[in-house]
Amino acid sequence: MAGDKFVVVEYTSAGTFDNAEPSSPAYMKGKKYELKNCSLFEIKSGRIICFTTYFDQVSFLKQMGFFNQP
């Protein structure tokens with residue numbers, strides 16, 4: 001969806017959580033995920049001046065096994 005001041009983009013991202021930061025829990029490594037994302041771009045004079053991206057963090061944590069931990 002596009003307008004004069006804003007553009008909204010919905011998309012899906014997928015991958016495997018392989019290159020985790022050292023502080024990431026070991027149970028997350030190698031887990032596959034698929035997320036629905038939404039990005040909002042604010043446009044002024046034909047240029048992007050601000051953008052924000054949203055995704056369902058609870059869905060991501062479920063796919064990583066976060067809620068299955070003792």
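Because only heavy atoms are used, hydrogens play no part in the values below, and waters and symmetry mates are left out as well, while side chains stay in.
For residues 9-30, no pair satisfies ring-ring contact (aromatic ring centres under 6.0 Å, His included), with sequence neighbours left out.
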Only distances under 3.5 Å count here; give the side-chain donor-acceptor pairs of residues 46-60 to other protein atoms, sequence neighbours excluded, each with its distance to 0.1 Å.
residue : atom : partner : partner atom : Å
Thr53   : OG1  : Ser39   : OG           : 2.8
Asp56   : OD1  : Val58   : N            : 3.1
Asp56   : OD1  : Ser59   : N            : 3.2
Ser59   : OG   : Gln63   : NE2          : 3.1

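For Lys5 (side chain) and Ile43 (main-chain N/O), no donor-acceptor pair under 3.5 Å exists by modelled atom type.
Here CE of Met28 is found 10.0 Å from CD of Glu21. Values are rounded to the nearest 0.5 Å. To the nearest 0.5 Å, atom CG of residue Asp18 and atom NZ of residue Lys32 are 7.5 Å apart.
Atom CD of Gln69 sits in a crowded spot, with more than 12 heavy atoms from other residues, nucleotides or ligands closer than 6.0 Å.
Nearest heavy-atom pair across Cys38 and Val8 is SG-CG1, 3.8 Å.
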